[in-house]
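Encoded as structure tokens, the structure appears first; notes follow it.
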Amino acid sequence: MSAGLAGRRLLVSAGPTYEDLDPARFLGNRSSGKMGFAIAAVAAARGAQVVLVAGPVHLATPAGVQRIDVRSAAQMHAAVMQALPCDAYIGAAAVADFTPRAPSAQKIKKQPGQDVLVLELVKTRDILAEVAASAQRPRLVVGFAAETERVADYARAKLERKRLDLICANQVGQAGCGFESDDNALLVIDAAGARALGPAPKAELAGQLLDIVAERLA
Ligand code: C5P
């Protein structure tokens, strides 16, 4: 039997961010937003009040969810901070770690004979870490970690560094899972240990993750 979330306020981030280089080009990533949207949909169906901050994705807004569309990491940071307080923050977005230092107002032109273009990037603000350190810290802060190797080790290090309550690690490149896929497999890690969820459809995994969230909030 799944635990209820009635009356809980959940804030979810989903999708990629796009960091503009010029009016025609950006740096993005392969996140589809499906995992975060599935979490928002299931949470709303279980009675939670859900705010979903979404990067650029091609997904319909789940029933009963308040959606805020953003493009860049800076916009996502502002939208998330403004949406606090909440009972739980679930950071499922693939936020850019770096953004162009000085986006060009005009389209960048290749110069005759130019073989190399050097882009200068600066670090973005870590939304998840800032939510966890905020004076309005939610009772539960949940992060995601996409890793290509040493999945559990790197995820646990992130859990501690960003002061999270839970981190959901998934291995990038596992067949049929992760980016753009309808299925996923997660290793849910907290201070006490780890639990493997899936491989399963993202909607089913969202339900299992929200069982854990509801238990923690109860
Ligand atoms: O450190 P890494 O980017 O791998 O951590 C992933 C987690 O941190 C995800 O939950 C992501 O939403 C969050 N994150 C963030 N802001 C950033 C970078 C990552 O909230 N600038």
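Counting begins at 1 with the first residue of the sequence. Remember, it's a predicted structure, so these values are computed and weren't measured experimentally. Order of appearance sets the numbers: ligands from 1, and atoms from 1 within every ligand.
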(message) Below 3.5 Å, N or O to N or O, backbone or side chain included: is there any such pair between A92 and ligand 1?
(response) no
(message) I'd like to know whether CZ of R195 has more than 12 heavy-atom contacts from other residues, nucleotides or ligands below 6.0 angstrom.
(response) no
(message) Could you identify the single nearest non-hydrogen protein atom to atom 16 (N) of ligand 1 and state the distance to 0.1 Å?
(response) I127 N, 3.0 Å
(request) Indicate yes or no for a side-chain donor-acceptor contact from D20 to the backbone of D22 under 3.5 Å, with no hydrogens or angles considered. (result) no
(request) Flag the pair R137 and E130 as a salt bridge only when some basic side-chain nitrogen lies within less than 4.0 angstrom of an acidic carboxylate oxygen. (result) no
(request) Examine ligand 1 and decide if any of its atoms is less than 4.0 Å from a heavy atom belonging to A93. (result) yes
(message) Does ligand 1 come near enough to K158 that some N or O of the ligand is less than 3.5 Å from an N or O of the residue?
(response) yes
(message) Give the atom numbers and elements of ligand 1 that come within less than 4.0 Å of a heavy atom of D97.
(response) 3 (O), 18 (C)
(message) Counting neighbours of CD on Q82 that are heavy atoms of other residues, nucleotides or ligands and sit closer than 6.0 Å, is the number greater than 12?
(response) no
(message) Under 4.0 Å, counting heavy atoms only: does A96 come that close to any atom of ligand 1?
(response) yes
(message) With respect to L128, determine whether any N or O atom, backbone or side chain, lies less than 3.5 Å from an N or O atom of ligand 1.
(response) yes
(request) Return yes when K162 approaches ligand 1 closer than 4.0 angstrom through a heavy atom, no otherwise. (result) yes
(request) Heavy-atom contacts with R125 under 4.0 Å: which atoms of ligand 1 show up? List them by number with element. (result) 16 (N), 17 (C), 21 (N)
(request) Would you indicate whether the side-chain heavy atoms of K162 and L159 approach each other to under 4.5 Å? (result) no
(message) I need the nearest protein heavy-atom contact for atom 9 (C) of ligand 1: residue, atom name and distance, please.
(response) F144 O, 3.1 Å
(message) Are the side chains of Q49 and L10 in contact, using a 4.5 Å heavy-atom criterion?
(response) no
(request) Heavy-atom contacts with T124 under 4.0 Å: which atoms of ligand 1 show up? List them by number with element. (result) 21 (N)
(message) What I want to know is whether G91 and ligand 1 share at least one N or O pair that is separated by under 3.5 angstrom.
(response) yes
(request) Find all atoms of ligand 1 within a distance of less than 4.0 Å from any non-hydrogen atom belonging to G143, and give their numbers and elements. (result) 10 (O)
(message) Checking the side chain of S72 only, and the main-chain atoms of Q75 only, is there a donor and an acceptor separated by less than 3.5 Å?
(response) yes
(message) How long is the straight-line distance from CZ of R156 back to CG of L164, given to the nearest 0.5 Å?
(response) 12.0 Å
(request) Go through Y89 and V51 one step at a time and tell me if the side chain to side chain contact (heavy atoms under 4.5 Å, CB included) criterion holds. (result) CA-CA 10 Å; Y89 174 68; V51 176; over 6 Å; no
